[in-house]
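One-based numbering, in listed order, for ligands and for the atoms of each.
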Amino acid sequence: MRTIICPHCDMTSEIPTMRAEQVAQCSRCHQVICKQTYYTSSSMLALSICALLLLEYMISFLYFFFINFVLIKEKK
Ligand SMILES: [Zn+2]
């Protein structure tokens, strides 16, 4: 059990452990307050590849700025 505060009406609710794809609704305003989702292996693979691409992009920027820093230092 965990306590969740509804962001729509501020009602406090106790929610039991939820299974995959279950949705909890607020008993007062009937808005969705919690949704249990699990990533599939293919979506985890896609997210991992995206993270690696972004990491490579970031490292290339760091390398570029480091080279510029060294060149500026050498000119002085
Ligand atoms: Zn509510």
- Query: Would you find a donor on one side and an acceptor on the other, under 3.5 Å apart, between the side chain of Gln22 and the backbone of Arg19?
  - Reply: yes
- Taking 2.8 Å as the cut-off, does an N/O/S atom of Cys6 lie below it from the Zn ion (ligand 1)? yes
- Query: Is any N, O or S atom of His30 under 2.8 Å away from the Zn ion (ligand 1)?
  - Reply: no
- Task: Would you give the angle at the Zn ion (ligand 1) between Cys29 atom SG and Cys26 atom SG, to the nearest 10°?
- Result: 110°
- May I ask you to test the Phe65-Phe69 pair for a side-chain heavy-atom distance under 4.5 Å? no
- Query: Are any of the side-chain heavy atoms of Val23 and Cys34 separated by less than 4.5 Å?
  - Reply: no
- Query: Any side-chain heavy atom of Met11 within less than 4.5 Å of one from Ser27?
  - Reply: yes
